[in-house]
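Here's the structure we're looking at; comments come further down.
As a basis for the values below, the full set of heavy atoms in this structure was taken, side chains included, without hydrogen atoms, waters or symmetry mates.
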Amino acid sequence: MSLIKTNDLQRIFEKLDKNGDGLVSLEELNWLLEKIGVQISLDELESLLGKSSLDLNEFFSFYGSISSKQNNTSRSTSNEVVVVEEEEEENEESDLVKAFEVFDLNGDGFISCDELQKVLSRLGLWDENSGKDCRVMIHVYDTNLDGQLDFEEFKNMMFLTIS
């Protein structure tokens, strides 16, 4: 199951493609990976991809391959399935904690509107002319109505977005 929807992936691709040539260079891709905490050299990335740039379909495939690695574990016995499912749940929780920490810039355990806007801007996903208001984005998942997201609200938002 994809964490990011196709139209969002296309928007990310378009933001990365600074010169508008329909290709994302390894430098542009590496910039994004570093922003989300993945440290990989350009040489390693080129060796992994076997090319110096990706078109939109290749970008989708790249995302699909890295997002499905977690789900491609072999299961031979029912006990092993339970253990693998528990490990996947722990990995999901760990990944969510890391994602939450990316947005929680001041480390106070909450994602405020300002923090959300700063991170989205840093990733090139915030366009001030688009008219979107981060308060509305937060309000949708802010169950205790305090104007910010705590980890549980963030987790619920991520699971609702995924399903």
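Here CD1 of Ile12 is found 13.5 Å from CG of Asp17. Values are rounded to the nearest 0.5 Å. Rounding to the nearest 0.5 Å gives a distance of 11.5 Å between CG of Leu120 and CD of Glu115. Between atom CD1 of residue Ile40 and atom CG of residue Leu48 there is a gap of 5.5 Å, rounded to the nearest 0.5 Å. Within the model, atoms CG of Leu42 and CG of Asn30 stand 4.5 Å from one another, a figure rounded to the nearest 0.5 Å. Put simply, OG on Ser25 and CG on Leu16 are 8.5 Å apart, with the number rounded to the nearest 0.5 Å. Atoms CD1 and CG, from Ile111 and Asp150 in turn, are 9.0 Å apart once rounded to the nearest 0.5 Å.
Side-chain contact between Lys35 and Val102 is absent, with no heavy atoms from C-beta onward closer than 4.5 Å. Counting heavy atoms from C-beta on, the side chains of Phe154 and Asp104 never come closer than 4.5 Å. The closest side-chain heavy-atom distance from Lys118 to Ser121 is not below 4.5 Å. Contact annotation: the side chain of Leu45 approaches that of Leu33 to within less than 4.5 Å [non-hydrogen atoms, C-beta and beyond]. Proximity of Leu23 to Leu54: side-chain heavy atoms (C-beta onward) are nowhere separated by under 4.5 Å. Residues Val24 and Leu32 have side chains not in contact (no heavy-atom distance under 4.5 Å, counting atoms from C-beta outward).
Between Phe151 and Phe100, the angle of the ring planes goes over 60°, which puts this pair in the perpendicular group of the 30/60° scheme.
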Would you check, one step at a time, whether the test side-chain contact (heavy atoms from CB on, under 4.5 Å) holds for His139 with Leu145?
CA-CA 7 Å; His139 179 72; Leu145 303 176; 3.8 Å; yes
How far apart are the C-alpha atoms of Leu116 and Phe103, what are their side-chain angles, what is the distance that settles it, and do they pass the side-chain contact (heavy atoms from CB on, under 4.5 Å) test?
CA-CA 6 Å; Leu116 176 62; Phe103 286 92; 3.7 Å; yes
Residues Lys98, Glu101; criterion salt bridge (Lys or Arg N to Asp or Glu O under 4.0 Å); working and verdict:
CA-CA 5 Å; Lys98 289 176 187 172; Glu101 289 170 352; over 6 Å; no
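Using a distance-only test at 3.5 Å, with no hydrogens or angles considered, no donor-acceptor pair links the side chain of Gln148 to the main chain of Phe110. Looking only at distances, no side-chain donor or acceptor of Asp142 sits under 3.5 Å from a matching main-chain atom of Leu149. Within the 3.5 Å criterion, the main-chain N or O of Cys134 finds no donor-acceptor partner in the side chain of Gln117.
Identified under the salt bridge (charged side-chain N to carboxylate O under 4.0 Å, His left out) test for residues 45-57, with sequence neighbours left out: Lys51-Glu58. Pairs of residues two or more places apart, or lying in two chains, that qualify as ring pair (Phe, Tyr, Trp, His ring centres under 6.0 Å) and include a residue from residues 6-49 are Phe13-Phe59.
The side-chain contact (heavy atoms from CB on, under 4.5 Å) search around Glu14 returns Gln10, not counting sequence neighbours.
Side-chain atoms of Glu153 and Thr143 include a donor-acceptor pair closer than 3.5 Å. For Glu44 and Ser47, the side-chain atoms include no donor-acceptor pair closer than 3.5 Å.
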